[in-house]
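First the structure, in the form of structure tokens, and then the observations on it.
Throughout, protein chains are lettered first and strands after them, A, B, ... in sequence-line order, and every chain is numbered starting at 1.
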Amino acid sequence: TQLLEQSPQFLSIQEGENLTVYCNSSSVFSSLQWYRQEPGEGPVLLVTVVTGGEVKKLKRLTFQFGDARKDSSLHITAAQPGDTGLYLCAGLNDMRFGAGTRLTVKP
Amino acid sequence: NAGVTQTPKFRVLKTGQSMTLLCAQDMNHEYMYWYRQDPGMGLRLIHYSVGEGTTAKGEVPDGYNVSRLKKQNFLLGLESAAPSQTSVYFCAVDRKNTEAFFGQGTRLTVV
């Protein structure tokens, strides 16, 4: 079992601020995925990172996969209230998820 | 095109009762998963299936059984419900570890 630890568990910020959330493991992953879940809905895939050191951008979201493929980060620039949600990382090999970071962006 | 449909959406059970949750997909994907989601604990994998007629245990399988008699359906059974099984249950489908598509969830309360 490859355990994923996410931090912080909760994050509350003002609109326009930048933030970074993390997904860490002691194990090496062939690839990691980030999902976002809104209240009352199932998670939806944001990105898959595969190569160590890889950086992917999705509008104001920047995802990075660590060089050793044991960790990943999600950076949001100029957060908006629409970014509010639960951000989950998952190991693609076994589809197991971290506990998530619950982000609240206040207008 | 409904994608992944979970039935029912809400249910209240008494301790000791049994029930079956149905996950139906029209995406023709091989892999199907059942998760439970509790506050502060993210999604925990209960059971999964990599194809019709196959099932395997996940992280938290105790108290649950599953069946995958048809490719499009994955059933999760609770034989004797306990209050600890109060949770939101999500089904997901996946084409061989590429992207998981989730249903809307089933909110189960055991009293």
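Contacts between A:Leu92 and chain B at a heavy-atom distance below 4.5 Å involve backbone atoms as well as side-chain atoms. Looking at B:Gln37, the atoms closer than 4.5 Å to chain A (heavy atoms on both sides) all sit in the side chain, from C-beta outward. With a 4.5 angstrom heavy-atom cutoff, B:Asp38 does not touch chain A via any of its atoms. For A:Gln9, the part sitting under 4.5 Å from any heavy atom of chain B is the side chain, from C-beta outward, and nothing else. For A:Tyr35, the part lying under 4.5 angstrom from a heavy atom of chain B is the side chain only. Of the atoms belonging to B:Tyr48, not a single heavy atom falls under 4.5 Å from chain A.
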Please walk me through it: do B:Asp94 and A:Met95 pass side-chain contact (heavy atoms from CB on, under 4.5 Å)?
CA-CA 9 Å; B:Asp94 175 21; A:Met95 293 307 295; 4.1 Å; yes

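Counting non-hydrogen atoms of neighbouring residues, nucleotides and ligands closer than 6.0 angstrom, the CD atom of A:Glu17 exceeds 12 such neighbours. More than 12 heavy atoms of other residues, nucleotides or ligands shown are found within 6.0 angstrom of CD on B:Gln17. Atom CZ of A:Arg60 is surrounded by more than 12 heavy atoms from other residues, nucleotides or ligands within 6.0 Å. By the neighbour-count criterion of 12 heavy atoms within 6.0 Å, atom CZ of B:Arg44 is densely surrounded, having more than that number from other residues, nucleotides or ligands.
Here B:Ala100 is the residue among B:Ala100, B:Gly103, B:Gly105 with the most heavy-atom pairs under 4.5 Å with chain A. Comparing A:Leu45, A:Leu86, A:Val44 by heavy-atom pairs within less than 4.5 Å of chain B, the highest count is held by A:Leu45.
A:Leu88 and A:Leu74 are not part of a single hydrophobic cluster, where members link through side-chain heavy atoms under 4.5 Å apart. A chain of hydrophobic side-chain contacts below 4.5 Å, direct or via other Ile, Leu, Val, Met, Phe, Trp or Tyr residues, connects B:Val66 to B:Tyr89. Follow the hydrophobic side-chain contacts under 4.5 Å out from B:Leu75 and you never reach B:Tyr64; the two are in separate clusters. Taken together through direct or relayed side-chain contacts under 4.5 Å among Ile, Leu, Val, Met, Phe, Trp and Tyr, A:Val47 and A:Leu19 form part of one hydrophobic cluster. In terms of hydrophobic clustering, with Ile, Leu, Val, Met, Phe, Trp and Tyr side chains grouped at heavy-atom distances under 4.5 Å, B:Leu22 and B:Val4 are assigned to different clusters.
When all heavy atoms are compared, the tightest approach of A:Gln37 to B:Phe90 is NE2-CZ, 3.4 Å. The shortest heavy-atom contact between A:Thr48 and B:Thr98 is OG1-O, 4.2 Å. Taking every heavy atom of both residues into account, A:Arg96 and B:Glu59 meet most closely at NH1-CG, 3.1 Å. The two residues A:Pro43 and B:Leu43 make their nearest non-hydrogen contact at CG-CD1, 3.7 Å.
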